[in-house]
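Take a look at the structure below.
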Amino acid sequence: MKAVNIGLIGLGTVGSGTVEILRRNNRDISGRAGRDIQVSRIAVRDPGKAREVDIAGIPLGDDPMLVVDDPEVEIVVELVGGDTLAREVVLRAIENGKHVVTANKALIALHGNEVFAKAQEKGVMVAFEAAVAGGIPIIKSLREGLSANRIEWVAGIINGTCNYILTRMENDGLDFSDVLRDAQALGYAEADPAFDIEGIDAAHKLTILASIAFGIPLQFDRVHVEGITGVSLEDIRYAGELGYRIKHLGITRRQHHGIELRVHPVLIPAKRLIANVHGVMNAALIRADAVGPTLFYGAGAGTEPTGSAVVADIVDVVRALTSDPDNRVPHLAFQPGALARLPIMPMEDVVTAGYLRLRVVNRPGVLAAITRIFGDRDISIDTVLQRGHDEENGEVTIIMLTHNTRDENLAGAISEVEDLSVVIGRINLIRLENLA
Ligand code: NAP
Ligand code: HSE
């Protein structure tokens with residue numbers, strides 16, 4: 001049978017890994033897919049650039065539209081990134097009746113509702129396994145492997161760059177900016193690394209996970225987003241002293257009155273498996289009613305781990321090429337007509353515990369004044385530590401862990417405590433989850 005032609009747009013970190021895997025594992029891949037698969041055309045920004053991967057004999061140009069308009073191309077693989085050109089090429093590919101594979105979480109999180117509606121109308125598939133957690137088959141697991149379950153919550157380390165930075169800070173005592181440079185050199189970071197360290201990339205991925213877990217439309221603009229720029233070496237050390245690790249998590253949870261959708265640094269007990277996921281590795285902990293907890297672990301970024309997920313999607317699409325469009329796995333797990341309009345909860349209503357670090361004047365009554373404010377707001381304090389006493393200026397650092405409380409209560413107490421004349425500067429809040 002004739003080989004399936006792939007049109008590739010983008011031959012950077014992920015594109016190179018994809019081409020290399022298709023070349024190296026060609027026999028196994030064709031055996032699984034049922035057809036030979038070949039890359040028949042590639043578009044990049046600069047065709048003159050030296051490439052590390054062997055693309056001899058494959059036409060290479062700088063116009064993505066030549067790829068999406070090529071009648072010989074059956075599957076367009078979009079590995080450019082961003083949500084402008086990528087949206088344009090993906091919508092045009094679909095319009096041309098081509099199937100699409102993409103690793104682009106920004107595209108899916110921001111424009112997925114439009115893209116999937118168009119794909120449904122045209123009877124084509126849009127596969128996006130590589131968009132969340134790199135090489136871990138988390139989309140397939142959640143969408144297919146757990147389809148018997150009512151999903152209760154998902155908590156994931158879903159940005160490899162953040163996890164790599166937090167790990168190197170903890171293990172090597174390194175500064176944030178030095179480690180970020182390493183993560184960029186290793187190909188983990190986004191083209192604009194602010195997307196990683198400010199939590200936007202994780203929010204894109206969480207948007208996708210929540211949609212598939214709960215059968216809700218993609219709602220990126222409703223995610224509460226915080227990055228890791230506020231996490232200091234001091235916080236990592238104090239958390240360790242108290243038996244916790246700081247991880248950057250995406251959390252989505254079904255509650256009676258809606259869905260939690262939040263991305264922020266979290267203290268988790270050091271003994272939890274997910275607290276021991278280090279470096280660029282990702283993990284997603286899923287709690288579902290029938291199966292209980294399941295943990296998915298693997299490389300969350302990088303050339304071949306991500307290429308692995310792209311190629312698996314290509315195989316899935318090739319296997320399904322002959323199937324009736326109405327009998328395919330729905331893009332967002334639930335049939336388009338079965339998506340629910342569950343509200344996303346405002347962050348103020350989310351209940352978590354808190355870790356607070358504050359610098360105060362070391363004088364009798366200071367701790368009592370602070371704890372009174374917390375007590376007045378019905379926030380129960382679990383632990384208090386006093387560290388970093390500076391004799392010269394009479395200051396000390398206080399670390400407090402609270403019990404669970406509404407986020408709004410915590411924010412109100414923090415603002416009131418910051419107004420005390422004995423409190424120096426701002427209070428650093430990191431939320432705490434037991435993930436039991
Ligand atoms: P990358 O290394 O920056 O590669 C981007 C590729 O797109 C390059 O080959 C570039 O061409 C090409 N390109 C850029 N603008 C173009 C244009 N106007 N026309 C044609 N080609 C153009 O990016 P990446 O890391 O591979 O990421 C690709 C996608 O995968 C992104 O959506 C990213 O979020 C996602 N992703 C990445 C990872 C990872 O570990 N890096 C993991 C999961 C998902 P040149 O080579 O000529 O510059
Ligand atoms: N920049 C992303 C990360 C790449 O660090 O996780 C994988 O999506």
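Ligands are counted one by one from 1 in listed order, and the atoms in each one are counted from 1 as well. Only heavy atoms go into these numbers, but all of them, side chains included; no hydrogens, no water, no symmetry mates.
- The closest heavy-atom contact to atom 32 (O) of ligand 1, among the options Gly187, Gly81, Pro47, comes from Gly81.
- In summary, of the residues considered (Arg254, Arg222, Arg253), a salt bridge (charged side-chain N to carboxylate O under 4.0 Å, His left out) with Glu260 occurs for Arg253 alone.
- By the 30° and 60° cut-offs, the orientation of the rings of His331 relative to Phe116 is parallel.
- Closest to atom 6 (O) of ligand 2 among all protein heavy atoms lies Gly160 N, 2.7 Å.
- At a 4.0 Å heavy-atom cut-off, ligand 1 does not touch Leu107 at all.
- Leu218 and Ile108 get closest at one heavy-atom pair: CD1-O, 3.4 Å.
- Here Pro64 has side-chain heavy atoms under 4.0 Å from ligand 1, and that is the only part of it that gets that close.
- Atom 11 (O) of ligand 1 has its nearest heavy-atom neighbour, among Arg51, Glu78, Glu304, Arg45, in Arg45.
- Residue Lys49 places at least one N or O, backbone or side chain, under 3.5 Å from an N or O of ligand 1.
- Looking at atom 5 (O) of ligand 2, its nearest protein heavy atom turns out to be Thr161 OG1, 2.6 Å.
- Taking only nitrogen or oxygen atoms, main chain and side chain alike, Gly10 does not reach within less than 3.5 Å of ligand 1.
- Close approach of ligand 2 to Lys105 (heavy-atom distance below 4.0 Å) involves ligand atoms 2 (C), 4 (C), 7 (C), 8 (O).
- Residue contacts with ligand 2, taken as heavy atom pairs separated by less than 4.0 Å, involve Asp201 solely via side-chain atoms from C-beta onward.
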Derivation of the side chain to side chain contact (heavy atoms under 4.5 Å, CB included) call for Lys118 and Leu91: CA-CA 8 Å; Lys118 186 91 189 155; Leu91 288 174; 4.2 Å; yes
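- Given atom 2 (C) of ligand 2, the protein heavy atom at minimum distance is Glu190 OE2, 3.2 Å.
- Each of the atoms 2 (C), 3 (C), 6 (O), 7 (C), 8 (O) of ligand 2 lies under 4.0 Å from some heavy atom of Lys205.
- Residue Asn159 approaches ligand 2 through these ligand atoms, each under 4.0 Å from one of its heavy atoms: 2 (C), 3 (C), 5 (O), 6 (O).
- A pairwise comparison of heavy atoms in Leu410 and Gly354 identifies CD2-CA, 4.2 Å as the closest pair.
- With a 4.0 Å cut-off on non-hydrogen atoms, Asp46 touches ligand 1 through its backbone as well as its side chain.
- Contacts of His204 with ligand 1, taken as heavy-atom pairs under 4.0 Å, are absent altogether.
- Not a single protein heavy atom sits closer than 4.0 Å to atom 23 (O) of ligand 1.
- Relative to the ring axis of Phe128, Arg143 places its NZ or CZ within 45° and under 6.0 Å from the centre.
- A heavy-atom separation below 4.0 Å is not found between Gly134 and ligand 1.
- Taking a distance limit of 4.0 Å, we find that atom 18 (N) of ligand 1 is approached by some protein heavy atom.
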Working for side-chain hydrogen bond (donor to acceptor under 3.5 Å, both in side chains), residues His248 and Asn163: CA-CA 7 Å; His248 187 247; Asn163 205 42; over 6 Å; no
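- The Ala301 neighbourhood of ligand 2 comprises atoms 4 (C), 7 (C), with distances under 4.0 Å to a heavy atom of that residue.
- Using a 4.0 Å cut-off to heavy atoms of Asp196, the atoms of ligand 2 that qualify are 1 (N), 2 (C), 3 (C), 5 (O).
- Nearest approach of Gly15 to Leu8, heavy atoms of both residues: O-CD2, 4.2 Å.
- In terms of protein heavy atoms, atom 7 (C) of ligand 2 is closest to Gly300 O, 3.2 Å.
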